[in-house]
Amino acid sequence: ETMTATMLSASRLVLGCCIAAAIGAAPVKAQEASTDLPPEDRWTFAVAPYLWAISLDGNAEVAGVEADVDVPFRDAVKDLSFGAMLLVDARRGRFGIGVNGVFVRTSPDDEVGPIEIDATADLAQLAVGPYYRAVEWQYGESASGRPLRLILEPYGGARLNHLRLELEVRGGPQFDDNQTWVDPIVGTRFAVDLAEHWVVAGAADVGGVVAGSDLSWNVQGYLGYRTSVFGQPTTFAIGYRALYVDYDHNEFKWDVTQQGPILGAVLRF
């Protein structure tokens, strides 16, 4: 009975950990996409904090215990104890590279009947993706003379995923496991100027297949408003993102679609 309770708690904990990690780890390549081409002689940088209010649908398996995944956003943050994330995007001329790192710790305490379980889960992700501005088409000008452009920027790279799960049944056994995998990714992002301050941006990519996940795909789109904050160019963005991941190794399975609105800001230097 104790071992069954432990495995059931492990399933719930992994779901909560992956949900919380998804809130902080959404790639924001589409948010960062700008139609202004940086100079060839120096690097420019962008930093983008964001929040992804996700819901999930699919199924998961931990330690041989299967669980349906049907989780609204309000349950995603309940057990979050610590989260840190940072996206840095560096560009020089038509070339650039994005680095997105995140660390999330969840600590849900669970009770199954009379059994009390202390749990801790850590999830770390590090995504690195170089890109190139392949298309830049000026199709008009705003009222103030600002060029209106359409841009396409193909990108590739990899995303490292690490999940560690620790469970302790008070007065009973301990359970400690971890999974690490790398998904290669390839895709493209776009941006279209609508007016002086407004831009539409988006991105789509596929990953896994040859390594890591059996398959993953990502689509996202944003409406952005360009302005300045404390003298720095800043874009506020709102949009929607859907991410599907199918990872299956030993007795760990994550076959889930995560989707929901995103709110963020891009600060450029």
Side-chain angles (χ1 to χ4, degrees), residues 10 13-32 45-52 54 56 58 60-62 69 76 80-91 95-106 120-132 153-166 176-189 203-220 241-258 262 264:
L13 178 59
V14 169
L15 300 188
C17 182
C18 291
I19 294 165
I23 294 174
V28 289
K29 288 182 177 295
Q31 276 183 257
E32 195 283 324
F45 300 91
V47 178
Y50 53 92
L51 173 67
W52 185 16
I54 65 169
L56 295 92
E61 180 180 338
V62 178
V69 181
L80 181 65
S81 61
F82 177 79
M85 66 285 302
L86 178 67
L87 169 77
V88 177
D89 190 283
R91 304 167 60 101
F95 292 92
I97 185 169
V99 179
N100 187 14
V102 60
F103 175 80
V104 175
R105 170 165 290 179
T106 55
T120 300
D122 296 335
L123 190 145
Q125 292 183 332
L126 181 64
V128 180
Y131 58 86
Y132 177 75
E153 295 178 338
Y155 62 86
R159 183 178 299 110
L160 172 69
N161 305 273
H162 175 75
L163 173 64
R164 179 176 179 269
L165 172 65
E166 180 182 348
D176 196 338
D177 196 9
N178 67 84
Q179 291 283 329
T180 301
W181 70 96
V182 177
D183 284 342
I185 55 174
V186 60
T188 189
R189 65 185 189 180
D205 58 64
V206 294
V209 183
V210 297
S213 301
D214 294 335
L215 174 66
S216 66
W217 55 258
N218 163 72
V219 292
Q220 52 191 320
R241 179 175 185 242
L243 170 66
Y244 171 75
V245 177
D246 181 7
Y247 177 76
D248 191 351
H249 182 70
N250 293 332
E251 293 187 323
F252 181 92
K253 181 178 181 180
W254 181 252
D255 184 6
V256 174
T257 300
Q258 309 169 36
I262 291 180

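All values derive from a computational prediction rather than experimental measurement. No hydrogens, no waters, no symmetry mates; every other heavy atom, side chains included, goes into these values.
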Return the minimal non-hydrogen interatomic distance between [X] and [Y], and the atom names on each side.
| X | Y | value |
| --- | --- | --- |
| Y155 | A203 | OH-CB, 4.0 Å |
| G208 | S216 | N-OG, 4.0 Å |
| A158 | V182 | CB-CG1, 3.9 Å |
| A211 | P184 | O-CD, 3.6 Å |

Between [atom1] of [X] and [atom2] of [Y], what distance do you get to the nearest 0.5 Å?
| X | Y | atom1 | atom2 | value |
| --- | --- | --- | --- | --- |
| L243 | Q220 | CG | CD | 9.0 Å |
| D89 | F45 | CG | CZ | 9.5 Å |
| D255 | D248 | CG | CG | 8.5 Å |

Problem - Ring geometry between F95 and Y132 (parallel below 30°, tilted from 30 to 60°, perpendicular above 60°) - result: tilted
Exercise for the section: Could you walk me through whether D246 and S213 pass the side chain to side chain contact (heavy atoms under 4.5 Å, CB included) test, one step at a time? Expected result: CA-CA 6 Å; D246 181 7; S213 301; 5.8 Å; no
Practice task
Go through the steps for Y131 and R189 under the test side chain to side chain contact (heavy atoms under 4.5 Å, CB included), then give the verdict.
Solution key: CA-CA 9 Å; Y131 58 86; R189 65 185 189 180; 3.0 Å; yes
Practice task
Sort out for me which residue in V219, N218, L215 forms a side-chain contact (heavy atoms from CB on, under 4.5 Å) with Y244.
Solution key: L215
Problem - Flag side-chain contact, heavy atom, 4.5 Å: V99 against L126 - result: yes
Practice task
Show the numbers, then the answer: is there a side chain to side chain contact (heavy atoms under 4.5 Å, CB included) between I97 and V88?
Solution key: CA-CA 8 Å; I97 185 169; V88 177; over 6 Å; no
